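Worksheet: the structure to be examined is printed underneath.
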Protein chains: 2
Amino acid sequence: MGNRHDAGRSIRSPRGVELNCRSWLTEAPYRMIQNNLDIEVAEHPEDLVVYGGIGRAARDWESFDRILATLRELGDDETLLVQSGKPVGVFPTHPDAPRVLIANSNLVPHWATWEHFDELDAKGLMMFGQMTAGSWIYIGSQGIVQGTYETFVAAARTHFQGDPFGRWILTAGLGGMGGAQPLAATMAGFSLLAIECDPSRIELRIQTGYLEQRALSLDEAMELLDHAKQTGRPTSIGLLGNAAEVLEEMVRRDLVPDLVTDQTSAHDPLRGYLPVGYHLDEWRNPTDPVRLVGDAKQSMARHVRAMLAMVDRGAIAFDYGNNIRQGAFEAGVERAFEIPGFVPAYIRPLFCRGYGPFRWVALSGDPEDIYATDAKVKELVDDDPHLHHWLDMARERIKFQGLPARICWLGLRDRARVGRAFNAMVAGGELRAPVVIGRDHLDTGSVASPHRETESMLDGSDAVSDWPLLNAMLNVASGATWVSLHHGGGVGMGYSQHAGQVIVCDGSEAADRRLARVLYNDPGTGVMRHADAGYPQAIDEARAQGLKLPSVPI
Amino acid sequence: MGNRHDAGRSIRSPRGVELNCRSWLTEAPYRMIQNNLDIEVAEHPEDLVVYGGIGRAARDWESFDRILATLRELGDDETLLVQSGKPVGVFPTHPDAPRVLIANSNLVPHWATWEHFDELDAKGLMMFGQMTAGSWIYIGSQGIVQGTYETFVAAARTHFQGDPFGRWILTAGLGGMGGAQPLAATMAGFSLLAIECDPSRIELRIQTGYLEQRALSLDEAMELLDHAKQTGRPTSIGLLGNAAEVLEEMVRRDLVPDLVTDQTSAHDPLRGYLPVGYHLDEWRNPTDPVRLVGDAKQSMARHVRAMLAMVDRGAIAFDYGNNIRQGAFEAGVERAFEIPGFVPAYIRPLFCRGYGPFRWVALSGDPEDIYATDAKVKELVDDDPHLHHWLDMARERIKFQGLPARICWLGLRDRARVGRAFNAMVAGGELRAPVVIGRDHLDTGSVASPHRETESMLDGSDAVSDWPLLNAMLNVASGATWVSLHHGGGVGMGYSQHAGQVIVCDGSEAADRRLARVLYNDPGTGVMRHADAGYPQAIDEARAQGLKLPSVPI
Ligand SMILES: NC(=O)c1ccc[n+]([C@@H]2O[C@H](COP(=O)([O-])OP(=O)(O)OC[C@H]3O[C@@H](n4cnc5c(N)ncnc54)[C@H](O)[C@@H]3O)[C@@H](O)[C@H]2O)c1
Ligand SMILES: NC(=O)c1ccc[n+]([C@@H]2O[C@H](COP(=O)([O-])OP(=O)(O)OC[C@H]3O[C@@H](n4cnc5c(N)ncnc54)[C@H](O)[C@@H]3O)[C@@H](O)[C@H]2O)c1
């Protein structure tokens with residue numbers, strides 16, 4: 001297989017208004033794949049790894065170079081096909097069709113396991129795309145801060161009458177996504193203790209201002225939490241250790257948090273969860289991968305048992321979408337699924353109204369372009385103080401990584417309005433260069449993932465993946481600039497199928513028409529899917545937004 | 001769930017030039033879904049079952065009616081979404097986008113089993129789409145005659161120096177697909193004995209002229225085969241019985257065919273394979289479905305063991321894509337996969353050059369439209385005597401079922417030429433009404449099915465399903481009129497993912513542009529996929545047809 005490691009590479013997206021490709025429709029993916037591997041953005045750019053364990057932007061460096069070369073030449077009536085991070089074909093299409101179509105990590109179900117994936121991956125035939133890694137719309141930790149913030153706020157609303165005062169969250173993992181937890185928690189008014197086994201991760205989060213302080217022992221951590229409670233100023237604390245061991249120790253000492261969750265990469269038992277008793281080096285270069293997987297699941301079992309013990313003593317636990325319940329369950333923890341997923345617990349009501357992680361990136365590289373769009377969103381969505389609060393805090397506390405970007409959760413009612421307004425700003429010269437609008441695959445209509453986004457659906461349709469496939473095809477038909485279909489993101493091989501879309505605002509009228517379609521249809525499929533499952537909020541929203549749903553009595 | 005059985009329904013597609021919908025782009029799917037359920041076409045139209053066990057055209061009668069009602073109103077800038085046979089949404093798109101997008105039977109891999117499917121199906125949340133049933137381009141037994149004929153001819157070429165004289169084929173199953181075997185065999189110059197457990201199926205095949213005679217006993221069947229051998233005139237014989245038992249009896253009596261294969265619906269152990277000892281009624285209304293599945297697999301094991309015994313005595317066996325090897329393997333037949341699949345054995349060289357089951361249907365209902373297109377194909381593809389022979393025999397020996405239709409295998413080099421010529425014939429008034437061009441999901445670029453179409457790929461990429469997903473998305477981007485993504489067709493739940501496309505020739509210039517793209521891109525993805533796997537014929541063909549493959553050195 002091709003070369004996957006190149007320590008000599010240092011990727012940074014071009015900035016400014018000069019084109020390297022033939023139009024902004026191709027310049028946009030050209031910049032975004034490079035931005036995904038920016039040293040400020042990616043977890044291991046030298047290995048093409050963006051985030052989430054081994055989520056890559058391209059299969060190997062040869063593929064990366066060929067993708068860039070192909071995009072430089074691609075016409076606005078052509079479409080590039082990317083198969084698990086490798087550019088495999090260029091076909092004649094038309095201007096309203098996507099410029100890039102991507103399928104990453106998809107396996108016929110009977111073979112959809114990590115074992116078979118790893119075999120194919122080792123042969124150079126596949127790549128793990130995670131969600132936004134292989135679909136070129138990862139924007140660093142900010143992406144998840146908003147989702148995590150929404151979740152913590154919703155949890156406070158659900159369990160503590162909206163008042164997190166003096167309360168604290170226990171979690172583990174300060175990786176690409178998990179690193180957002182401390183900042184999101186303090187923004188939401190909670191203190192937070194995060195257990196992390198890799199000291200460099202704690203370091204990085206402190207450097208970027210996401211994590212406030214490091215504790216050298218559990219005792220010190222508890223003192224700092226106590227102090228925060230007394231002063232009424234929430235804080236975030238990183239503690240080096242193995243989560244399974246630290247949580248067991250906490251249970252022994254009867255230390256019970258208000259909320260407990262986890263964001264280790266437990267979805268990938270081979271690479272994502274350090275088993276008790278392993279050194280970091282031993283873990284990353286395993287001599288016996290099969291044993292490692294078994295040991296990781298055993299440790300997950302200890303970890304989840306400790307979480308359940310905390311629940312029995314009054315803590316509220318939720319699974320934060322890393323599938324740790326499944327690993328623990330396989331290792332014998334029958335009660336694992338008593339811990340609810342965060343989506344049914346907190347996020348689904350938002351999905352019913354087409355809310356999801358709307359995000360955009362300034363291709364100019366100029367932070368002012370983001371500040372101008374921030375202001376535009378506040379102007380257009382003037383009835384949502386929660387959104388305004390988020391945008392203010394984001395501007396103040398979140399450092400841009402790579403190209404300046406912003407995320408905020410918008411619903412079906414607002415996405416197209418906002419997107420078209422951005423396009424008008426490009427047309428009117430209010431922005432220095434075009435912006436792209438995309439989203440996570442974790443969104444209202446784009447994913448089937450029975451242990452996460454579609455857990456416990458009202459009608460039992462958790463595992464039906466017709467929906468994300470329709471979402472992807474409709475995004476292609478509507479004229480998104482690139483569209484992706486992935487398997488296994490977030491929760492690991494076999495457990496999810498999901499779609500992504502990114503669309504360019506280049507200021508043209510054609511883009512305006514495409515934005516009107518894509519940014520209505522894309523969240524529209526989410527409201528449709530939830531209305532079909534029988535959620536009354538979704539049926540109401542479909543009615544309010546004029547969706548045509550032939551089989552739902554409206 | 002909705003009503004699935006309605007004995008009072010008798011569906012027949014409208015004929016002629018009068019529109020029931022707003023344009024031919026919507027009239028075409030409107031006619032084709034109805035044609036799929038024409039009493040001449042479908043196996044159990046009253047249950048919405050088209051072929052292949054429980055392959056349906058719509059989820060229930062309410063969904064069927066709503067699909068028709070929606071198509072009648074659908075605009076040429078709108079797209080209807082169909083989720084497992086139910087119309088779920090209508091979204092604004094544009095004229096070059098598909099009018100219908102379909103996703104049938106797709107399940108997140110970990111849940112992609114018959115058990116979970118059946119649960120969802122019983123709740124009214126799903127439907128089995130097979131391949132062309134749920135994607136509205138089944139054309140009756142003719143569809144498979146050509147494929148079966150190609151396969152038998154290729155087998156004669158491979159094993160008998162192209163001369164089947166005096167040789168005979170043993171098979172089982174005379175259902176929707178399997179019923180084509182006797183006709184294809186005699187066309188190819190073989191005699192054939194088919195074991196079938198349902199007398200009505202034998203009857204139907206004799207009525208339609210696909211099967212020549214029925215034997216009342218194995219002895220009589222062997223006499224008839226002997227007679228055919230002596231007279232030099234191949235014949236086809238149906239014998240009532242359970243294949244597992246009859247084959248065992250043949251082994252006991254040392255009766256060895258030249259070729260042995262099977263087309264029972266073994267891919268669906270609950271409904272597709274009669275276990276030894278069951279009456280038909282007992283089988284179709286099982287009191288203990290779990291036991292039935294176990295018994296079916298046990299009988300498959302006996303069936304496959306008998307096939308292997310015949311191989312040991314000199315017969316040549318191949319699996320005809322119904323996954324019987326898997327059922328037998330699960331019931332303990334370790335040697336099951338010694339029987340090769342028909343694709344690597346005979347079809348892959350065709351796939352490498354983009355050949356596959358190109359088919360078209362005259363929406364006028366007028367057979368003359370098909371005869372005129374037959375002549376056009378012979379005129380355009382004037383260097384292929386094999387193709388001319390097929391078209392002559394098809395015209396002579398195949399009765400149309402439902403709307404007149406034709407199938408012939410065409411390659412990447414010819415599909416777009418032929419499609420555009422048909423469109424010109426519509427424009428020039430040489431045909432009474434538009435035609436649709438479609439294909440089976442079993443095609444060069446549209447399927448991942450490790451026990452059938454992608455068995456034993458050169459590079460080991462059998463289970464990689466990025467390819468059919470890219471095929472579907474590219475067909476959407478290119479402007480096919482409807483595009484479908486299915487799971488489990490042919491080989492059953494968990495074992496395949498595949499895509500379909502159908503495109504209308506309405507005589508317009510827009511259709512000409514779309515045909516040029518779709519009928520080049522669609523088979524082009526097949527040549528691409530095989531070139532990527534390293535097949536030299538595919539790399540040669542890519543070069544000859546001007547495909548742009550960034551990662552294949554051309
Ligand atoms: N909830 C969501 O919205 C959401 C979104 C995306 C991803 N996720 C999931 O969250 C998980 C984390 O994602 P990520 O991108 O941060 O992954 P990552 O691999 O970048 O980080 C995981 C971190 O956990 C640490 N870790 C592993 N085992 C440990 C142990 N036993 N004790 C302590 N620390 C340990 C690792 O050192 C690493 O820093 C993934 O499973 C991902 O799929 C959730
Ligand atoms: N090779 C190909 O190109 C190809 C294409 C499509 C489908 N198939 C596969 O071929 C199989 C047959 O398809 P079909 O549409 O004809 O299915 P079908 O269900 O219409 O017909 C199956 C027939 O087998 C008979 N049968 C079942 N068990 C039997 C037994 N034990 N002994 C004798 N007869 C028995 C049934 O009575 C029925 O008539 C399916 O598995 C299908 O997926 C193959």
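All values below come from the heavy atoms of this structure, side chains included, with hydrogens, waters and symmetry mates left out. Note that the coordinates shown come from a computational prediction; the quantities given were computed from them, not determined experimentally.
For Leu120(A), the part lying near chain B is the side chain, with the backbone staying farther off; criterion is any non-hydrogen pair under 4.5 Å. Neither the backbone nor the side chain of Glu62(B) comes within contact range of chain A; no heavy atom of the residue lies under 4.5 Å from a heavy atom of that chain. Only the backbone of Val82(B) comes within contact range of chain A, with heavy atoms under 4.5 Å apart. Only the backbone of Ser105(B) comes within less than 4.5 Å of a heavy atom of chain A; no side-chain atom from C-beta onward does. In this structure, chain A has a heavy atom under 4.5 Å from the backbone of Ser496(B), while its side chain stays farther away.
Atoms CZ and CZ, from Phe91(A) and Arg517(B) in turn, are 14.0 Å apart once rounded to the nearest 0.5 Å. The structure places NE2 of His110(A) at 14.5 Å from CE of Met493(B), a figure rounded to the nearest 0.5 Å. How far CG of Asp462(A) is from CG of Leu107(B): 11.5 Å, rounded to the nearest 0.5 Å. Interatomic distance, NZ of Lys548(A) versus CD of Glu78(B), reported as 3.5 Å (0.5 Å rounding).
Residues Asp459(A) and Leu125(B) approach most closely at O-CD1, 3.2 Å, considering heavy atoms. Closest approach of Pro550(B) and Arg66(A) over heavy atoms only: O-CD, 3.1 Å. Between Pro109(B) and His487(A), the shortest heavy-atom distance links the atoms CG-NE2, 3.6 Å. Listed here is the closest heavy atom pair of Thr93(A) and Ser478(B): CG2-OG, 4.2 Å.
Annotation for Phe329(A): atom CZ does not count as buried by contact number, only 12 or fewer foreign heavy atoms lying within 6.0 Å.
Checked against Met473(A) for a side-chain contact (heavy atoms from CB on, under 4.5 Å), the options Asn475(B), Ile102(B), Leu469(B), Leu101(B) give a single hit: Leu101(B).
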